[in-house]
Amino acid sequence: MRELRNTLELARNAGVAVGHFNVSDLVVLKAVFCSAQELQVPVLVGASEGEREFMGVRQIAALVKSLREEFDFPVFLNADHTHNMESAIVAAKAGFDSVVFDASALPFEQNARQTREAVEALKAINPAILVEGEIGNIGTGSEIHELSPDLSKYLTTPAEAKQFVNFTGVDVLAPAVGNMHGMSRKMVEGEKRKRLDIERVSQIKAAALVPLTLHGGSGTDDEDLRQAIAAGISIIHINTELRVAWRNGLEAGLTAQPGQVVPYNILPFAVESVGQVVRARLRLFNHLEDVPAEASNRAASRVREQQAVS
Ligand SMILES: [Zn+2]
């Protein structure tokens, strides 16, 4: 089975990015995994501290491992935004493939020192684990914000990126390049899109020389995402868009079947609603936008038939 490190290398060589989707439950996990399987592209499942607390650290690790093994499929698990060493260690011991150690709220020097300690501690548990560090400010909370803060003065500089990567030894870097966690109401309604500083992505990539992650990808302009991938982004995080789709799908399922109480008759509406977003994002990240949906559906059903036969 491929490791996450190889998957990122292959993606970079192919000029594509690996989609990272946060999950809080089996509905979203199912939507993420089935979409990636349908399009036959690798995928990263993310679970933040809050999401891990809800699902159980070892429980989500076991679910993702069971999918990877049963389907021999490159699905990986990331401990998203881990703010302290203790929970980073718990995730590493549970078998997560990567950890985002996020001390970005601290001043640069302290962030660098703590991240370096985290890299050492986590690699001692699992030498193959990837550790991601974060510098700059990209806001908090993958939810709908009434006001979007002006984060333009907290963008990452190429010099900081280089210094941070060299000092900490992180495998992956999350810079601030115009991205932001969460979406404004206008973004949810499609009236406004986030815009990225593409030139800055290129400069940071050239200075840092490690894979770069774009956090807070929800609501970002499609063309900016394509250009950011070309400029050096290897992983793109999508969370808020899935949360909006999850709620819409759930409401549709409840409205369509008044009086229905069987969860597996209601929840497929949410799986489908989330899946539509995941597939659209994976197509964009993997340059599959020209592949007609029907063709990929046929390919996927052939895969399923083969699996049923074997
Ligand atoms: Zn994030």
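This is a predicted model, so every value here is computed, not measured.
Both Leu212 and Phe164 are members of a single hydrophobic cluster when ILVMFWY side chains are connected at heavy-atom separations under 4.5 Å. At a threshold of 4.5 Å between side-chain heavy atoms, the hydrophobic network of Ile, Leu, Val, Met, Phe, Trp and Tyr places Val27 and Leu254 in one connected group. Hydrophobic clustering (side-chain heavy atoms under 4.5 Å, transitive across Ile, Leu, Val, Met, Phe, Trp, Tyr) keeps Leu26 apart from Phe269. Under a hydrophobic-cluster definition in which Ile, Leu, Val, Met, Phe, Trp and Tyr are linked whenever side-chain heavy atoms come within less than 4.5 Å, directly or via other members, Ile238 and Ile233 are assigned to the same cluster. Hydrophobic clustering, with ILVMFWY side chains joined whenever heavy atoms are under 4.5 angstrom apart, groups Ile125 together with Phe96.
The heavy-atom pair separating Pro158 from Ala207 by the smallest distance is O-CB, 3.5 Å. Smallest separation of non-hydrogen atoms from His215 and Glu132: NE2-OE2, 2.7 Å. Of all the heavy atoms in Ile204 and Ala161, the pair that sits closest is CG2-CB, 3.7 Å. Phe21 approaches Val32 most closely through the heavy-atom pair CB-CG2, 3.6 Å. Residues Phe71 and Gln37 approach most closely at CD2-NE2, 3.3 Å, considering heavy atoms. Thr220 and Arg281 make their closest contact through O-NH2, 3.7 Å (heavy atoms, listed as atom of the first residue, atom of the second, distance).
Atom CD of Glu191 sits in a crowded spot, with more than 12 heavy atoms from other residues, nucleotides or ligands closer than 6.0 Å. Counted within 6.0 Å of CZ on Phe54, heavy atoms from surrounding residues, nucleotides or ligands total 12 or fewer; the atom is thus considered open. Enclosure of atom CD in Glu53 is not indicated, since only 12 or fewer non-hydrogen atoms of other residues, nucleotides or ligands lie within 6.0 angstrom.
Residue Thr115 holds its OG1 atom at 11.0 Å from CD of Gln110, rounded to the nearest 0.5 Å. With rounding to the nearest 0.5 Å, the separation of OG in Ser184 from CE in Met187 is 4.0 Å. The CH2 atom of Trp246 sits 9.5 Å away from atom CG of Leu267, with the distance rounded to the nearest 0.5 Å. With values rounded to the nearest 0.5 angstrom, Leu288 atom CG is found 6.0 Å from Leu39 atom CG. For the atom pair Leu44 CG and Thr7 OG1, the distance stands at 8.5 Å (nearest 0.5 Å). Of the inter-residue distances, the one linking Arg52 atom CZ with Met55 atom CE reads 9.0 Å to the nearest 0.5 angstrom.
Between Val99 and the options Leu122, Val119, Val172, a side-chain contact (heavy atoms from CB on, under 4.5 Å) holds for only Leu122. Tested against Asp80 for a side chain to side chain donor-acceptor pair (under 3.5 Å), the candidates Asn22, Thr213, Asn239 yield a single pass: Asn22. When each of His237, His145, His81 is checked for a ring pair (Phe, Tyr, Trp, His ring centres under 6.0 Å) with His181, only His81 meets the rule. Of the candidates Arg279, Arg226, Arg283, Glu289 forms a salt bridge (Lys or Arg N to Asp or Glu O under 4.0 Å) with just one, namely Arg226.
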Determine whether Leu196 and Asn179 satisfy the following criterion, side-chain contact (heavy atoms from CB on, under 4.5 Å), listing intermediate values before the conclusion. CA-CA 6 Å; Leu196 304 173; Asn179 48 325; 4.1 Å; yes
side-chain hydrogen bond (donor to acceptor under 3.5 Å, both in side chains) evaluation trace for Asn111 with Ser104: CA-CA 6 Å; Asn111 177 6; Ser104 64; 5.5 Å; no
With salt bridge (charged side-chain N to carboxylate O under 4.0 Å, His left out) as the criterion, how do Arg200 and Glu160 come out once you've worked through the C-alpha distance, each side chain's angles and the decisive distance to 0.1 Å? CA-CA 12 Å; Arg200 192 178 291 269; Glu160 275 171 350; over 6 Å; no
Determine, step by step, whether Leu67 and Phe73 satisfy the side-chain contact (heavy atoms from CB on, under 4.5 Å) criterion, reporting the C-alpha distance in whole Å, the side-chain angles of both residues, the deciding distance to 0.1 Å, and the verdict. CA-CA 7 Å; Leu67 290 168; Phe73 194 84; over 6 Å; no
Kindly determine whether Asp102 and Thr82 satisfy side-chain contact (heavy atoms from CB on, under 4.5 Å), including the steps that lead there. CA-CA 6 Å; Asp102 180 2; Thr82 302; over 6 Å; no
Check the pair Ile235, Asn78 against side-chain contact (heavy atoms from CB on, under 4.5 Å), reporting the backbone distance first and the verdict last. CA-CA 11 Å; Ile235 299 170; Asn78 174 48; over 6 Å; no
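Between the Lys186 side chain and the Arg193 main chain, no donor and acceptor come within less than 3.5 Å of each other. Distance alone, capped at 3.5 Å, places no donor-acceptor pair between the Ser234 side chain and the Pro211 backbone. Under a 3.5 Å cut-off, the side chain of Asp97 and the backbone N or O of Leu77 do form a donor-acceptor pair. Looking only at distances, a side-chain donor or acceptor of Lys194 sits under 3.5 Å from a matching main-chain atom of Gly216.
The closest side-chain heavy-atom distance from Leu8 to Leu4 is below 4.5 Å. Contact check for Leu225 versus Leu214: side-chain heavy atoms found under the 4.5 Å cut-off. Contact check for Val64 versus Leu29: side-chain heavy atoms found under the 4.5 Å cut-off. By the 4.5 Å heavy-atom criterion applied to side chains, Phe76 and Arg68 are counted as neighbours.
We find that Glu189 and Arg185 are not joined by a salt bridge, their nearest charged nitrogen and carboxylate oxygen being 4.0 Å or further apart. By the 4.0 Å N-to-carboxylate-O rule, Asp171 lies close enough to Lys123 to be salt-bridged with it. For the pair Asp25 and Lys30, the salt-bridge criterion is not met [side-chain N within less than 4.0 Å of a carboxylate O]. The pair Glu143-Arg247 does not count as a salt bridge, with every side-chain nitrogen at least 4.0 angstrom from each carboxylate oxygen. Here Glu9 does not pair with Arg12 in a salt bridge; the nearest charged N to carboxylate O distance is not below 4.0 Å.
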